[in-house]
**Student:** 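What follows is a single structure, and I will ask about it in a moment.
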Amino acid sequence: MSYKLIFPKDIETQFQLSIQDQRKGEMCLTFNKEINHFMWYEKPTLTENMKTWRKLAKNGSIKICNYNNKTVEYMGKTYYTFVIQSYENNIQQRNEMCPLMISGFNIMVSGYGYCFKTKENRDAIYNYVMKDINQPN
């Protein structure tokens, strides 16, 4: 897992610096609310998170809603995103707005956003986590 502690004046600048600073082996950009910074996940970290997300999705605590899977552009490059949202009794819970989705792609959505350079990686994770789980209407 890479931690890139960047201390710009605003979150948009932090996003721009982070997305341009992807290193070999880094697959997924997200905003870590605990450290208040963007960070890249490498495959081992992403794989462990996928297992946790799958368990949480199976018990109904989270969902990756298909309608939030987006193909977006930033500075002439295409990215693929999804958002993990909390659920209880099949009702979406209130979450803070996602800094990644707002600052990077001007999409207002609550939860935790993840950004990939390839559609295949985004879709493989979505399919693994949400396999056989009902989507909200």
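None of the values given here were measured: they were computed from a predicted structure.
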**Student:** Is there a donor-acceptor pair under 3.5 Å between the side chain of Trp40 and the backbone N or O of Ser18?
**Tutor:** yes
**Student:** Check Gly111 against Asn95 and note the closest heavy-atom contact, atom names and distance.
**Tutor:** N-CB, 3.5 Å
**Student:** If you apply the rule side-chain contact (heavy atoms from CB on, under 4.5 Å), what do you find for Ile125 with Leu46, and how did you get there?
**Tutor:** CA-CA 9 Å; Ile125 294 168; Leu46 197 52; 3.6 Å; yes
**Student:** Donor-acceptor pair, distance only, cut-off 3.5 Å: does the side chain of Asn59 make one with the backbone of Ser61?
**Tutor:** yes
**Student:** Using the rule that two of Ile, Leu, Val, Met, Phe, Trp, Tyr join whenever any of their side-chain heavy atoms come within less than 4.5 Å, decide whether Ile102 and Met39 are in one cluster.
**Tutor:** no
**Student:** Considering non-hydrogen atoms only, spot the tightest contact between Ser110 and Gln85 and give its length.
**Tutor:** O-NE2, 3.1 Å
**Student:** Quick check: closest heavy atoms across Tyr87 and Lys63, and the distance to 0.1 Å?
**Tutor:** CE1-CB, 3.7 Å
**Student:** Looking at Gln22 and Glu26, would you say the former's side chain and the latter's main chain have a donor-acceptor pair under 3.5 Å?
**Tutor:** yes
**Student:** Does either side chain, that of Gln14 or that of Ser103, offer a donor lying less than 3.5 Å from an acceptor on the other one?
**Tutor:** no
**Student:** Atom OG1 of Thr13 and atom CD of Gln16: how far apart are they, to the nearest 0.5 Å?
**Tutor:** 6.5 Å
**Student:** Is there a side-chain contact (heavy atoms from CB on, under 4.5 Å) between Glu42 and Arg23? Walk through the geometry before answering.
**Tutor:** CA-CA 9 Å; Glu42 295 173 343; Arg23 297 179 186 143; over 6 Å; no
**Student:** Apply ring-ring contact (aromatic ring centres under 6.0 Å, His included) to Trp53 and Tyr126, showing your working.
**Tutor:** CA-CA 10 Å; Trp53 296 335; Tyr126 168 79; over 10 Å; no
**Student:** Please lay out, stage by stage, how Phe15 and Phe31 fare under the test ring-ring contact (aromatic ring centres under 6.0 Å, His included).
**Tutor:** CA-CA 9 Å; Phe15 173 80; Phe31 186 84; over 10 Å; no
**Student:** Check Gly104 against Tyr74 and note the closest heavy-atom contact, atom names and distance.
**Tutor:** O-CD1, 3.3 Å
**Student:** Compute both the distance and the angle, then confirm whether Lys70 meets the cation-pi test with Tyr80: under 6.0 Å from the six-membered ring centre, within 45 degrees of the axis.
**Tutor:** no
**Student:** Taking CD in Glu96 as the centre, count heavy atoms belonging to other residues, nucleotides or ligands within less than 6.0 Å. Is the count above 12?
**Tutor:** no
**Student:** Hey, could you give me the CD1/SG distance between Ile19 and Cys115, rounded to the nearest 0.5 Å?
**Tutor:** 4.0 Å
**Student:** Side chains of Lys119 and Asn69: do they bring a donor and an acceptor to under 3.5 Å?
**Tutor:** no
**Student:** To the nearest 0.5 Å, how far apart are CD1 in Ile64 and OG1 in Thr81?
**Tutor:** 11.0 Å
**Student:** Can you tell me if OH on Tyr112 sees more than 12 non-hydrogen neighbours from other groups inside 6.0 Å?
**Tutor:** no
**Student:** Do Ile11 and Phe38 come close enough that some side-chain heavy atom pair is under 4.5 Å?
**Tutor:** yes
**Student:** Can you hop from Met108 to Phe105 via hydrophobic side chains spaced under 4.5 Å?
**Tutor:** no
**Student:** Is it true that, when you exclude Lys43 itself, more than 12 heavy atoms of the residues, nucleotides or ligands shown sit nearer than 6.0 Å to its NZ?
**Tutor:** no
**Student:** How far does SG of Cys28 sit from CZ of Phe116, to the nearest 0.5 angstrom?
**Tutor:** 3.5 Å
**Student:** Going only through I, L, V, M, F, W and Y residues with side-chain contacts under 4.5 Å, is there a path from Ile107 to Met97?
**Tutor:** no
**Student:** Quick check: does any side chain N or O of Arg54 sit under 3.5 Å from a backbone N or O of Lys131, one acting as donor and the other as acceptor?
**Tutor:** yes
**Student:** Can you tell me if Asp21 uses its side chain to pair, donor with acceptor, with the backbone of Leu17 under 3.5 Å?
**Tutor:** no
**Student:** Looking only at side chains, do Asn49 and Thr52 share a donor and an acceptor under 3.5 Å apart?
**Tutor:** no
**Student:** Hey, does the side chain of Asn32 reach the backbone of Thr30 with a donor-acceptor pair shorter than 3.5 angstrom?
**Tutor:** no
**Student:** Hey, what do you get for OH (Tyr114) to CG (Asn68), rounding to the nearest 0.5 Å?
**Tutor:** 13.5 Å
**Student:** Let me confirm one number: the CG-CZ distance from Asn121 to Phe82, rounded to the nearest 0.5 Å.
**Tutor:** 10.0 Å
